[in-house]
2 protein chains.
Amino acid sequence: MKHFFTSLWEVIFLFSFVFAFGIDSFTHEWYILFIMNTYICVPFYKTSLTDGFWKDRQKLNADVSIPNVYKRFKETDRIDCLYPKWKRPLSRSDRFYDSDTAKWLEAAAYVLHTNRADYPELEKLCDEVIALFKKRQQVNGYLNSYFQRRPFLPKFYFRPDHELYCAGHIMEAAVAYYQATGKDALLNVAEKYADHIRKRFMIKKNTAFSTPGHEEIELALYRMYDATGKEKYKDMAEFFLNMRGTVKEKTYRMFNDAYDQHEVPVRELTSAEGHAVRAMYLYCGMADMARVSGDKEVLSACKRLFEDACKKMYVTGGIGSDHNGECFTIPYDLPNNVAYSESCAAISFMMFCKRMLLLEKDGRYADVIERIMYNNLLSSTSLDGKAFFYENPLEICKTDLTRSRTIRKKPRLPQWQRQEVFGCSCCPPNINRTVASIGDYIFTENENEIVLHQFIACENDALCVKTDYPVGDKIVVRGKNYGKDLFSVRIPAWCKKATLSLNGNLVDAEPKNGYVTLKVDSGFILELTLDMTPFFVKTHPLCKENRNKVALQRGPVVYCLEEKDNGDLAPLAAVCSGPFTEVKSDLSPLPFIDVVGKELTADATYYQNECSAKEKTLRFTPYFTFANRGESDMKVWIPLA
Amino acid sequence: MKHFFTSLWEVIFLFSFVFAFGIDSFTHEWYILFIMNTYICVPFYKTSLTDGFWKDRQKLNADVSIPNVYKRFKETDRIDCLYPKWKRPLSRSDRFYDSDTAKWLEAAAYVLHTNRADYPELEKLCDEVIALFKKRQQVNGYLNSYFQRRPFLPKFYFRPDHELYCAGHIMEAAVAYYQATGKDALLNVAEKYADHIRKRFMIKKNTAFSTPGHEEIELALYRMYDATGKEKYKDMAEFFLNMRGTVKEKTYRMFNDAYDQHEVPVRELTSAEGHAVRAMYLYCGMADMARVSGDKEVLSACKRLFEDACKKMYVTGGIGSDHNGECFTIPYDLPNNVAYSESCAAISFMMFCKRMLLLEKDGRYADVIERIMYNNLLSSTSLDGKAFFYENPLEICKTDLTRSRTIRKKPRLPQWQRQEVFGCSCCPPNINRTVASIGDYIFTENENEIVLHQFIACENDALCVKTDYPVGDKIVVRGKNYGKDLFSVRIPAWCKKATLSLNGNLVDAEPKNGYVTLKVDSGFILELTLDMTPFFVKTHPLCKENRNKVALQRGPVVYCLEEKDNGDLAPLAAVCSGPFTEVKSDLSPLPFIDVVGKELTADATYYQNECSAKEKTLRFTPYFTFANRGESDMKVWIPLA
């Protein structure tokens with residue numbers, strides 16, 4: 001019924017519009033804006049971060065993380081393998097080396113876009129790398145260091161071998177670097193490569209597969225379309241999205257067709273399945289399609305996939321719980337100690353949510369972004385900025401490794417310490433580019449309003465946001481010749497007590513879909529106070545692993561227990577009440593939280609009454625600070641006493 | 001200090017004894033009986049089971065299980081491979097086929113020992129099989145159908161290949177069949193083989209290893225010694241036990257030396273390690289050694305190992321939680337859905353406890369035996385007697401198999417339905433022989449007293465026990481010209497309210513080490529009533545898997561929830577209170593138990609307050625009845641609400 005009415009209104013609108021203004025005045029874009037009620041992003045480069053939590057992290061990212069990733073990429077030949085004569089043997093993962101380098105370039109581009117003057121050396125490095133890409137490109141436009149080093153391998157023949165995935169990342173880097181510096185060398189390379197791909201896949205159709213084994217090019221092509229306005233890139237993106245699930249394709253022998261999402265056409269997808277990063281990059285492309293083409297079936301699919309992904313998401317925002325194929329599993333299947341929860345997967349979920357926020361002002365998307373930002377994303381980098389997690393476990397228990405003392409082979413568990421580089425090193429530059437462009441997640445806007453999604457101290461032409469959130473509880477937004485009627489601010493779902501005032505007057509408004517929308521004047525001052533009292537959260541009862549366990553949160557920040565602060569974690573139990581004592585931490589601006597729990601013991605394996613328990617103060621530290629003080633057991637989910 | 005005093009008393013005793021009676025009157029056995037305060041077993045064949053729970057199970061075992069195992073062994077060439085010319089290709093496990101056949105023979109011998117007249121066909125089958133063994137034996141005494149079929153393989157060269165394990169089972173069967181029927185054909189074979197083994201290992205010492213890769217021969221040699229009185233068998237057993245851990249031996253590449261218990265000498269063992277059946281068979285041999293030789297160091301090791309094994313035991317009595325090597329892991333590591341908990345391992349734990357009861361009147365041994373008898377052991381056979389579990393999971397959750405929907409390879413889980421035969425089919429005949437000789441576990445005695453350990457309706461020269469335990473709560477013991485001063489009865493540790501009366505007078509006595517010992521007359525009547533109200537048990541808090549979960553027990557019988565009775569088990573939760581409603585069951589004489597629990601639901605993946613819960617009556621069924629009505633999810637440990 002709902003669908004019918006929506007359609008009916010559309011038809012009435014269409015006719016009224018054409019009747020009132022004549023057929024010529026009706027454009028596709030107009031139509032889409034009307035029926036989709038869409039927003040546009042206020043990009044990171046139009047808003048500068050001011051002092052505060054994220055400004056510090058961006059500086060660490062630019063000054064330490066990005067140079068360190070370059071250094072390790074250089075040492076592992078990821079850059080130099082672009083030299084045509086490079087002969088040194090490379091690792092098994094060299095088929096996606098180009099994507100690693102391109103993602104690093106993209107991250108560097110974001111740094112240059114906001115702070116070009118401060119990083120001349122970085123720009124020089126970028127230009128060198130871009131020159132390598134340019135030199136490596138074949139006359140016909142083809143560009144892939146792995147396949148070009150192996151001329152006997154046919155091109156676009158091995159579907160799982162990431163050719164189009166690498167191409168997509170080169171395109172993203174090209175757009176970013178062009179927008180940051182105005183230099184078009186890489187954009188020209190990307191356009192030439194895109195044309196070659198178009199020729200092979202869409203015109204000559206002489207490739208061994210029709211859709212990439214690892215999605216990425218779809219969203220990259222929409223970026224090329226957004227940046228250049230060239231329709232052919234939109235057509236290419238639509239081609240790859242529409243072909244998906246309609247033709248028989250090959251995948252890895254150990255997985256079925258759901259692994260790389262070619263089981264059914266995209267409009268028919270109902271649950272988040274398969275390799276989590278592949279899936280989310282696809283959903284990003286689908287959300288772009290819904291935005292650009294106004295395809296409501298794709299939009300419905302995106303909404304279904306978001307709903308389902310939320311049931312497969314860790315409290316830290318991580319997704320893809322199974323290391324086998326880095327895959328989604330079933331709803332609420334969220335093991336803690338073997339959590340795969342790849343950094344790239346969480347980032348790709350942020351990317352999808354960002355796109356969904358352009359289609360719907362629904363706070364759930366921004367809530368997920370916030371959950372990931374302050375937990376999985378932050379945690380994936382060491383506090384010194386040098387090392388990264390690929391997998392992000394929610395529990396470390398050293399005895400998991402030695403429980404079978406007679407077996408030589410150790411069980412498969414996530415790494416417990418961050419690494420500077422990985423064989424498959426997709427995550428470090430992905431983290432780099434996300435932190436460098438975190439400003440992308442703050443605002444969206446349309447003609448009438450600006451929407452504040454994330455509470456980051458920043459300033460742009462229209463607004464100034466002052467806050468030390470998530471350390472502090474206050475967010476002050478000031479209009480600067482604010483030229484729109486409305487301003488919307490998100491009230492996070494975790495917050496049970498928010499106080500809002502506009503120009504000094506208390507506002508008593510229930511948030512709608514997660515936002516309070518206010519009529520404002522051009523110099524308005526809005527003050528939002530979010531209750532930062534720590535609280536315990538529980539997981540859906542169908543999550544076997546977390547039944548009768550709680551996790552501590554303070555604002556959006558999930559906390560954990562570390563052995564370093566608490567001794568052996570195995571006998572500890574939480575009591576679901578405060579008081580919570582905040583203690584200054586030397587690890588981050590967020591405090592430790594002390595709360596009384598219990599230490600349990602029993603004198604029999606099985607017993608009928610209560611076990612012995614004594615009071616014990618549990619010291620919680622933010623999850624993102626864990627594993628920064630050497631090896632230590634860790635737990636996010638604490639059993640109740 | 002304690003050790004010193006014990007030794008001092010021994011010395012004083014020794015001198016007084018020699019002083020009083022002269023040196024000749026002092027024998028080794030006397031000395032041991034004094035210092036060890038030992039008991040002897042009242043063997044099953046001296047006590048006939050009368051109507052009741054176990055009588056029915058023994059009849060099913062004799063009439064259905066034992067013939068069915070023979071049939072499947074015949075079909076899988078386990079019997080016929082003893083023909084010298086047998087050429088049909090056999091399975092990978094044919095290296096221990098002889099032990100399967102021998103264990104079946106042993107089970108059949110027990111049936112004949114108590115009911116020979118009723119099973120003439122069975123005796124005929126046994127004689128045929130024994131003839132095959134006899135014919136197969138080499139002139140020098142060697143006997144192993146696997147190695148004899150492969151004459152190019154050297155004998156006693158491949159330590160992990162079960163030669164001495166098979167030899168041990170032939171010896172056990174030989175003793176059992178000789179004692180049951182008086183026929184000594186197999187005993188002669190066993191003795192000849194034992195002599196050959198002695199020659200190779202102890203005299204010529206020309207074998208590639210000194211101790212068996214799979215223990216069993218040690219306890220079997222003590223049985224040969226007990227049955228024949230020949231010292232050489234005792235010496236052989238001591239040889240194998242004393243060599244263990246003192247010489248470098250080979251084991252499987254994937255395991256370390258703890259896997260088959262040759263890391264340290266037996267007297268230094270401190271924790272139950274490695275392959276659970278191997279370990280327990282070794283501990284049986286050690287307990288026999290302590291009994292026969294009075295070796296107190298070995299006795300101490302046995303006690304330490306028992307303590308540790310109790311921390312590694314499922315509530316059903318299962319041990320060896322890891323399928324990797326069928327091994328013990330660390331204390332309280334008791335996963336439910338992947339529980340290995342092999343039937344043979346639980347049985348071997350019973351065997352060890354039975355031997356410990358000869359050394360110490362400590363109810364904990366009998367409690368473990370009872371836990372295994374009514375749970376792991378009973379559960380391992382289908383209610384129709386035809387099929388068996390090798391592994392005994394404590395949870396079945398079908399979605400465990402399909403949680404990774406994109407991965408073709410299924411995860412390794414225990415089988416969810418009982419099988420008639422396995423490739424490695426050690427368990428079925430082991431179950432057969434244990435049920436057939438369950439009477440072995442009822443009594444021990446010494447000069448002054450008889451001790452009642454297990455409540456089984458039975459009768460022998462001295463006593464008559466009437467009970468329908470564990471269905472009913474009453475046990476009546478009547479003396480029949482009872483010629484001893486004392487009678488002891490176990491009060492199970494699970495029972496919080498036991499009422500005891502002697503000749504109609506209420507007895508108010510606290511149990512000591514699990515037993516109440518009473519001075520009795522020759523025709524005494526003792527009535528014991530054990531409170532059978534169901535109760536919930538919990539696991540030690542260091543058991544990660546079972547934190548905040550409960551299991552339901554009624555007497556010694558552990559219960560479980562089946563999907564068949566309750567629908568989807570995933571959202572169900574237990575509330576730690578009654579009332580418990582007993583409902584007649586068509587599966588077994590034990591009732592179903594209905595108790596109000598909760599069904600939980602939530603509308604978010606993460607939430608701060610309580611989730612929604614509605615009352616739901618949970619129907620529990622005895623664990624041993626599970627998986628008898630087709631495939632169904634099952635849970636022993638139920639999360640608390």
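Quick note: numbers below take in every heavy atom, side chains included, and nothing from hydrogens, waters or symmetry partners.
Contact annotation for B:Lys544: only side-chain heavy atoms (C-beta onward) come within less than 4.5 Å of a heavy atom of chain A. For chain A, no part of B:Pro411 is nearby; none of its heavy atoms comes within less than 4.5 Å. Residue B:Asn546 does not touch chain A at all, counting heavy-atom pairs closer than 4.5 Å. Heavy atoms of B:Lys409 lying under 4.5 Å from chain A belong exclusively to its backbone. No part of B:Ser612 comes within reach of chain A, as not one of its non-hydrogen atoms sits under 4.5 angstrom from that chain. Contacts of A:Lys549 with chain B are absent, with no heavy-atom separation under 4.5 Å from either backbone or side chain. Using a 4.5 Å cut-off between heavy atoms, B:Phe535 touches chain A through its side chain atoms alone. Proximity to chain A is absent for every atom of B:Leu569, based on heavy atoms less than 4.5 angstrom apart. With a 4.5 Å cut-off on non-hydrogen atoms, B:Ala604 touches chain A through its backbone but not through its side chain. Proximity to chain A is absent for every atom of B:Asp367, based on heavy atoms less than 4.5 angstrom apart. The part of B:Glu395 that comes within reach of chain A is its side chain, from C-beta onward, which places non-hydrogen atoms under 4.5 angstrom from that chain. If you measure heavy-atom distances from A:Cys397 to chain B, the contacts under 4.5 Å come from the side chain alone. Using a 4.5 Å cut-off between heavy atoms, A:Asp568 makes no contact with chain B at all. For B:Arg371, the part lying under 4.5 angstrom from a heavy atom of chain A is the side chain only. Within the 4.5 angstrom heavy-atom criterion, only backbone atoms of B:Ala641 (N, CA, C, O) approach chain A. If you measure heavy-atom distances from B:Tyr332 to chain A, the contacts under 4.5 Å come from the side chain alone.
Across all their heavy atoms, B:Leu542 and A:Pro571 have their closest contact at CD2-N, 3.9 Å. Closest non-hydrogen pair, B:Ser321 versus A:Arg403, comes out as OG-NH2, 4.3 Å. Heavy-atom minimum distance, B:Ile330 versus A:Thr402: CG2-O, 4.0 Å.
Counting heavy-atom pairs under 4.5 Å between each of A:Asp603, A:Asp260, A:Thr251, A:Leu572 and chain B puts A:Leu572 at the top. Here B:Val315 is the residue among B:Val315, B:Thr601, B:Val537 with the most heavy-atom pairs under 4.5 Å with chain A. Of all the listed residues (A:Ala493, A:Gly274, A:Cys543), the one sharing the greatest number of non-hydrogen pairs under 4.5 Å with chain B is A:Gly274. Among the candidates B:Phe255, B:Tyr252, B:Phe328, B:Tyr606, the residue making the largest number of heavy-atom pairs closer than 4.5 Å to chain A is B:Tyr606.
Here CG of B:Asp333 is found 7.0 Å from OG of A:Ser404. Values are rounded to the nearest 0.5 Å. In this structure, OH on B:Tyr607 lies 14.5 Å from CZ on A:Phe536, to the nearest 0.5 angstrom. The NZ atom of B:Lys538 sits 7.0 Å away from atom SG of A:Cys611, with the distance rounded to the nearest 0.5 Å.
Surrounding NZ of A:Lys410 are more than 12 heavy atoms belonging to other residues, nucleotides or ligands, all under 6.0 Å away. More than 12 heavy-atom neighbours from other residues, nucleotides or ligands sit within 6.0 angstrom of CZ on B:Arg412. Annotation for B:Lys250: atom NZ does not count as buried by contact number, only 12 or fewer foreign heavy atoms lying within 6.0 Å.
The closest donor-acceptor contact from the side chain of A:Arg408 to the backbone of B:Met254 lies at 3.5 Å or more, if one exists at all. B:Asn548 contributes no side-chain N or O that, together with a main-chain N or O of A:Arg547, makes up a donor-acceptor pair within less than 3.5 Å. Listed for the A:Thr406 side chain is no donor-acceptor partner under 3.5 Å among the backbone atoms of B:Asn256. Under the 3.5 Å distance criterion, the side-chain polar atoms of A:Gln608 are matched with a main-chain donor or acceptor of B:Trp494.
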- Task: Apply the test side chain to side chain contact (heavy atoms under 4.5 Å, CB included) to residues B:Arg405 and A:Ser271: give CA-CA distance (whole Å), side-chain angles for both, the deciding distance (0.1 Å), then the verdict.
- Result: CA-CA 11 Å; B:Arg405 284 190 287 184; A:Ser271 72; 3.8 Å; yes

